[in-house]
Amino acid sequence: MDTTIAKPTETQNFINGSFVSNGSKQMDVFSPLDGSLISTVSLSSAKEVDDAVQAARKAYPEWSGRTIKDRVQVLYKYRELLEKHKDELTQICHVENGKTWSESMAEVDKSIELTEFACSLPQIIANEVQEVSRGVEVRLDRKPVGVVASIAPFNFPNMVPHWTIPNAIALGNCMILKPSEVVPMSATRIAELLKEAGLPDGVFNIVNGGKEVVEAICDHPDIKAVSFVGSTKVAKIVYKRATSNLKRCVALGGAKNHLIVLPDAHEEMTASNVVASMSGCAGQRCMAAAVMVGVDKVDHIVSRMVQEAKKVVPGDTLGSVISKEAKERIERYIDEAEAAGAKVLVDGRKAVVKGKEGGFYVGPTIVDYVTPDMAIAKEEVFGPVISIIRTKNLDDAILVENASEYGNAAAVFTQSGSAAKEVMERASAGMIGVNIGVPVPREPFPFGGWNDSKFGVCDITGKSSIEFWTQNKKTTVKWNPEARTNWMS
Ligand code: NAD
């Protein structure tokens with residue numbers, strides 16, 4: 001496994017099939033693995049967004065005019081290229097994001113699965129047609145929306161762009177991607193491979209940068225739909241701005257996922273699942289376990305979790321967090337909880353990896369006897385940290401989960417069908433796990449949370465995304481003049 005990056009080069013915008021520099025305004029990009037400089041990235045403005053929109057508008061008539069069967073031929077080839085270049089894509093993700101090699105590879109594997117789903121869209125969206133009156137038919141076609149945009153966060157530089165790109169373009173749209181400026185490099189390779197697969201110039205474009213680019217996307221009159229994935233604070237800003245400009249928008253926000261553990265849960269499986277859920281991707285995923293609600297006597301499971309957590313080694317089985325600021329924020333939450341009376345059973349503060357002293361590491365951390373009023377219990381920590389809140393019964397545990405402003409995922413660990421059903425029914429979250437710590441619904445099921453974890457009607461992937469990336473055209477047809485006339489004629 002090669003974890004080095006050749007000489008740092010500029011990560012450029014990709015507009016109309018070519019890489020273009022936005023020379024003057026650049027930002028340094030560092031690897032969180034060791035703090036080394038790996039690239040610089042263009043900080044673009046409304047001008048570059050407009051350039052990309054013009055390229056997309058030019059490409060749109062030809063691309064949207066193809067049949068969907070024709071369009072997905074490009075994605076079949078692209079899927080093969082993702083497979084062929086998996087090691088290289090894994091390496092880029094590992095180095096720019098800091099997650100482990102195997103987590104990075106899993107991300108690319110998920111991108112392949114998302115692309116496969118898009119390849120199946122011709123089968124899924126076959127038209128509906130019905131003879132609604134004698135001799136009169138109505139057919140429903142799904143037409144693309146036009147030029148659309150996708151704004152991505154730092155924590156899945158390869159996978160999150162694939163939540164939107166394959167489906168949006170398979171359905172006939174032309175897209176502008178705005179990657180996170182702290183992890184812009186995966187998107188460059190995605191653009192190169194889409195081009196190699198035969199995607200026409202202008203169908204997919206990248207505009208790098210930060211807030212200014214996002215605002216220009218929300219304001220541009222020729223962008224018809226905006227998808228966003230990131231923190232709740234920014235999701236709210238983007239949702240309000242895009243919809244006030246009369247665009248459709250789906251904006252996925254942050255999370256605070258609760259895992260309810262009952263005393264009858266399978267000890268070994270529960271402990272390893274909870275620890276894997278909270279520490280995988282260094283806790284920087286919107287599906288990570290953040291709070292374990294331990295119902296009644298669960299000390300045996302907590303002890304086992306402590307053993308499991310001690311096996312998770314920063315720099316080996318645990319990647320880095322994204323930045324020095326993130327490390328400091330995570331450690332501050334632990335400090336404050338401890339000062340307020342919580343008990344730190346496994347302490348990941350001040351983790352340093354030998355040979356990578358410039359990297360940003362937090363070891364796995366288990367904080368017990370957290371109370372619901374503590375900041376660590378309510379706010380998104382986004383690190384490899386789990387807070388344990390104790391309750392006397394399942395009812396109280398569900399109330400703790402329900403009180404969260406977020407609602408991405410929730411899970412229950414038990415061997416009781418009725419307890420599991422109770423949580424399935426009453427948890428206030430969009431994705432529920434039963435004896436599963438990271439309940440990501442795989443394709444064709446859609447991904448998306450509730451409450452402050454998602455704004456907008458559709459989910460972002462799977463069949464639900466078809467509604468978002470298309471508009472329905474309903475055509476009523478009568479060819480036979482002999483057909484009986486009725487109130488519709
Ligand atoms: P972020 O909100 O800081 O950034 C997301 C995107 O918004 C980036 O492209 C960034 O450049 C842009 N941005 C940042 N500040 C902005 C502003 N003031 N105005 C306009 N645009 C702005 O999120 P992040 O730190 O990159 O990612 C982590 C967050 O994303 C976490 O909260 C995590 O839970 C969330 N996330 C959610 C999901 C989900 O499915 N719900 C998935 C992945 C990540």
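Order of appearance sets the numbers: ligands from 1, and atoms from 1 within every ligand.
Between atom 39 (C) of ligand 1 and the options Ala326, Ser323, Cys286, Gly449, the minimum heavy-atom separation is to Cys286. In this structure, of Phe154, Phe228, Phe382, the residue bringing a heavy atom nearest to atom 5 (C) of ligand 1 is Phe228. Of the listed residues (Gly230, Ala290, Gly253, Gly430), the one carrying the non-hydrogen atom nearest atom 30 (O) of ligand 1 is Gly230.
Here the side chain of Glu96 pairs no donor or acceptor atom with the backbone of Val182 at under 3.5 angstrom. Looking at Ser387, its side chain never comes within 3.5 Å of a backbone N or O of Val385 through a donor-acceptor pair. Side-chain N or O atoms of Ser464 include none that pairs as donor or acceptor with a backbone N or O of Ile460 at under 3.5 Å. Using a distance-only test at 3.5 Å, with no hydrogens or angles considered, a donor-acceptor pair links the side chain of Trp63 to the main chain of Ile169.
Ranking protein heavy atoms by distance to atom 27 (O) of ligand 1, first place goes to Pro153 CB, 3.3 Å. Counting only heavy atoms of the protein, atom 8 (C) of ligand 1 lies nearest to Ala152 O, 3.3 Å. With respect to atom 15 (N) of ligand 1, the closest heavy atom belonging to the protein is Val234 CG2, 3.5 Å. In terms of protein heavy-atom proximity, atom 19 (N) of ligand 1 is closest to Lys211 CG, 3.4 Å. Atom 12 (C) of ligand 1 has Val214 CG2, 4.0 Å as its closest protein atom, hydrogens excluded (heavy atom only).
Taking distance alone, with nitrogen or oxygen atoms compared against 3.5 Å, Ser231 approaches ligand 1 more closely than that limit. For a threshold of 3.5 Å applied to N or O pairs, the pair formed by Glu380 and ligand 1 contains at least one separation below that value. Taking only nitrogen or oxygen atoms, main chain and side chain alike, Glu181 reaches within less than 3.5 Å of ligand 1.
Of all atoms in ligand 1, numbered sequentially from 1 with element shown, those under 4.0 Å from a heavy atom of Lys178 are 8 (C), 9 (O), 10 (C), 11 (O). Which parts of ligand 1 touch Gly254 is read off a 4.0 Å heavy-atom cut-off, strictly below it: atoms 32 (O), 34 (O). The contact set between ligand 1 and Trp163, taken as ligand atoms under 4.0 Å from a residue heavy atom, comprises 40 (O), 42 (C).
Heavy atoms only, all atoms of each residue included: His162 and Tyr78 are closest at NE2-OH, 2.6 Å. Summarising the geometry of Ala59 relative to Asp201, their closest heavy-atom pair is CB-O, 3.4 Å, with the distance given to 0.1 Å.
Salt-bridge annotation for Lys86 and Glu83: present, with a side-chain N of the basic residue lying under 4.0 Å from a carboxylate O of the acidic one. For Lys25 and Glu212, the salt-bridge test passes: some basic side-chain N is under 4.0 Å from an acidic carboxylate O. Of the charged side-chain nitrogens involved, none lies within less than 4.0 Å of a carboxylate oxygen, so that Asp373 and Lys378 do not count as a salt-bridged pair. Between Lys110 and Glu443, at least one side-chain nitrogen of the basic residue sits less than 4.0 Å from a carboxylate oxygen of the acidic one, meeting the salt-bridge criterion. Salt-bridge formation is detected for the pair Asp459/Lys454: a Lys NZ or Arg NE/NH1/NH2 atom is positioned less than 4.0 Å from an Asp or Glu carboxylate oxygen.
For Asn155, every heavy-atom contact with ligand 1 shorter than 4.0 Å involves the side chain, none the backbone. Of the heavy atoms in Ile151, only side-chain atoms (C-beta onward) come closer than 4.0 Å to ligand 1. Residue Tyr406 does not touch ligand 1, judged by heavy-atom distances below 4.0 Å. Here Ala235 has no heavy atoms under 4.0 Å from ligand 1, in either its backbone or its side chain.
Heavy-atom separations between Ser180 and ligand 1 include at least one value shorter than 4.0 Å. A heavy-atom separation below 4.0 Å is not found between Phe156 and ligand 1.
Using a 4.5 Å heavy-atom cutoff, the side chains of Asn155 and Cys281 are not in contact.
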